[in-house]
Amino acid sequence: MSGRGGSTKGLVGIGLRAPHVALVIASRPRVGWLEVHAENYLGGGPGPRALEAVRRDHAVALHGVGLSLGSAEGIDRRHLERLAGLVGRIEPVLVSEHLAWSIAGGAYLNHLLPLPYTDESLALLCRHVGQVQDALGRRLLIENPSGYLAFRHSPIPEPAFLGELARRTGCGILCDVNNVFVSCGNLGGDPAAYLAALPTDAIGEIHLAGHSRHDADGRIVLIDDHGSPVAQPVWDLYAQAVARFGPRPTLIEWDTDIPALAVLLDEARRAESIVERVTGAGVRHDTAA
């Protein structure tokens with residue numbers, strides 16, 4: 001795996017959350033890389049210091065949740081400045097954000113909200129992604145969202161929207177395979193066809209996570225809750241993604257009901273075994289950046 005801010009030879013990483021930080025620093029687990037939510041480390045105090053300690057032994061990626069790239073109000077310049085400062089200190093291998101918005105009337109909403117895929121929203125996203133990339137001095141990866149509703153007017157298919165965004169701005173795509181499965185299950189669509197419609201060269205990272213199933217008045221709704229092991233159909237879809245895109249940096253996400261660190265490492269090893277089976281190549285575990 002490589003990024004403009006550094007490189008790591010390990011392909012599969014895990015999301016690093018607060019319950020595991022001390023153990024990771026102490027035990028230096030055999031894992032390709034670690035990803036953290038950038039907004040948890042924008043201030044001072046023990047959190048950023050711990051992340052710097054992690055960074056001495058592991059490659060680190062930053063995954064943003066607060067830039068609100070799809071907001072009509074524009075990018076919060078102070079937030080972007082703080083993110084750029086964190087990028088400068090940590091020198092992450094990858095930086096990513098979501099195809100979503102979360103600010104309205106100056107208020108931050110605790111959700112990654114969807115936007116219609118129109119020419120107007122595409123132009124807006126291009127401006128904002130360009131602004132962020134200029135400030136960070138590096139390529140940004142944009143993650144496909146999990147879908148729960150369809151807009152009446154959203155004429156551009158999501159894979160085509162992401163592909164055009166990448167073409168116009170030079171950004172990359174973070175393909176969240178679980179989100180593809182969840183969105184197609186909730187809104188209709190063929191997950192394999194979704195993957196086939198994405199531009200291969202733009203894929204810079206893959207996410208894997210668990211989801212839950214809920215009965216909503218007799219209809220099953222899939223929720224991307226990151227609170228369980230990766231489901232077998234998502235593993236199967238990941239194998240298709242590896243076959244199409246080739247080996248890509250892959251992350252195991254787990255954000256609710258966080259298990260022991262060993263469980264995440266087992267999930268990472270399963271991802272590695274799929275890459276080895278599909279590509280016939282071994283996966284290295286070196287973590288020094």
Side-chain angles (χ1 to χ4, degrees), residues 35-44 47-48 61-90 92 94-176 179 182-183 186-187 202 204-205 207 223-224 226 253 255:
E35 185 171 87
V36 300
H37 288 155
E39 281 73 15
N40 291 336
Y41 298 93
L42 294 182
L62 298 178
H63 189 47
V65 296
L67 277 176
S68 192
L69 293 173
S71 174
E73 298 178 19
I75 299 294
D76 182 328
R77 292 185 179 275
R78 177 57 182 150
H79 187 101
L80 181 54
E81 289 171 359
R82 295 169 72 196
L83 177 61
L86 181 64
V87 168
R89 292 193 304 275
I90 299 301
L94 298 168
V95 181
S96 56
E97 248 290 355
H98 296 81
L99 185 64
W101 63 277
S102 55
I103 300 175
Y108 280 82
L109 308 174
N110 192 29
H111 294 283
L112 295 168
L113 298 169
L115 61 155
Y117 299 136
T118 64
D119 290 333
E120 293 80 9
S121 61
L122 178 59
L124 177 77
L125 260 295
C126 287
R127 288 197 302 273
H128 292 169
V129 169
Q131 181 181 347
V132 172
Q133 292 185 142
D134 288 345
L136 301 184
R138 61 185 298 153
R139 186 191 199 199
L140 185 68
L141 304 180
I142 306 300
E143 178 181 341
N144 56 293
S146 53
Y148 306 97
L149 59 85
F151 289 92
R152 286 194 178 96
H153 181 68
S154 186
I156 306 174
E158 186 171 280
F161 189 93
L162 283 163
E164 185 62 15
L165 179 63
R167 188 190 70 80
R168 293 189 190 182
T169 67
C171 75
I173 296 172
L174 192 171
C175 178
D176 189 312
N179 285 355
V182 165
S183 294
N186 290 337
L187 304 178
E205 184 183 346
H207 273 188
I223 303 295
D224 174 47
H226 298 186
E253 286 190 293
D255 296 305

Name all pairs fulfilling the salt bridge (Lys or Arg N to Asp or Glu O under 4.0 Å) condition that reach into residues 152-170, sequence neighbours left out, sorted by first residue then second.
-> E164-R167, E164-R168
Does the side chain to side chain contact (heavy atoms under 4.5 Å, CB included) test come out yes or no for D76 and Y108, once each step is laid out?
-> CA-CA 11 Å; D76 182 328; Y108 280 82; 2.5 Å; yes
N/O donor-acceptor pair under 3.5 Å between S183 side chain and G147 backbone | yes
Judged by atom type as modelled, is there a donor-acceptor pair below 3.5 Å linking the side chain of W101 to the main-chain atoms of L112?
-> no
Tell me, do V36 and L62 make a side-chain contact under 4.5 Å, heavy atoms counted?
-> yes
Within the distance-only criterion (no hydrogens, no angle test), does the side chain of E39 pair as donor or acceptor with the backbone N or O of V65 below 3.5 angstrom?
-> yes
What residues form a ring pair (Phe, Tyr, Trp, His ring centres under 6.0 Å) with Y117, not counting sequence neighbours?
-> F161
Any donor-acceptor N/O pair, N179 side chain to N144 backbone, under 3.5 Å = yes
Minimum-distance pair of heavy atoms, taken over all atoms of A84 and A135 | CB-O, 4.0 Å
Applying side-chain contact (heavy atoms from CB on, under 4.5 Å) between I142 and each of L162, I173, L174, T169, report the one that passes.
-> L162
Supply the atom-to-atom distance I156 CD1 to D119 CG, rounded to the nearest 0.5 angstrom.
-> 4.5 Å
Heavy-atom nearest pair, G66 first then E97, reads N-OE2, 3.0 Å
Taking all non-hydrogen atoms of both residues, which atom of A104 and which atom of L109 are closest, and how far apart?
-> CB-CD1, 4.4 Å
Spacing of H153 atom NE2 and E120 atom CD [to the nearest 0.5 Å] = 6.5 Å
Looking only at heavy atoms, which two atoms of L125 and G70 are closest? And how far apart?
-> CD2-CA, 3.8 Å
With sequence neighbours left out, what residues match L124 under side-chain contact (heavy atoms from CB on, under 4.5 Å)?
-> R127, H128
Between the CG atom in L69 and the CD atom in Q131, the distance rounded to the nearest 0.5 Å is 9.5 Å
Is it true that a side-chain atom of Q133 and a backbone atom of L140 form a donor plus acceptor pair closer than 3.5 Å?
-> yes
Closest non-hydrogen atom pair, I103 against S71 | O-OG, 3.4 Å
Of the non-hydrogen atoms in E35 and S96, which two are nearest, and what is the gap between them?
-> OE2-OG, 4.2 Å
Mark yes or no for whether E205, through its side chain, and L94, through its backbone, hold a donor-acceptor pair below 3.5 Å.
-> no
Under 3.5 Å: donor-acceptor pair, side chain of S68, backbone of S102 = yes
Mind checking the NE2-CD spacing from H63 to E253? Nearest 0.5 Å is all I need.
-> 5.0 Å
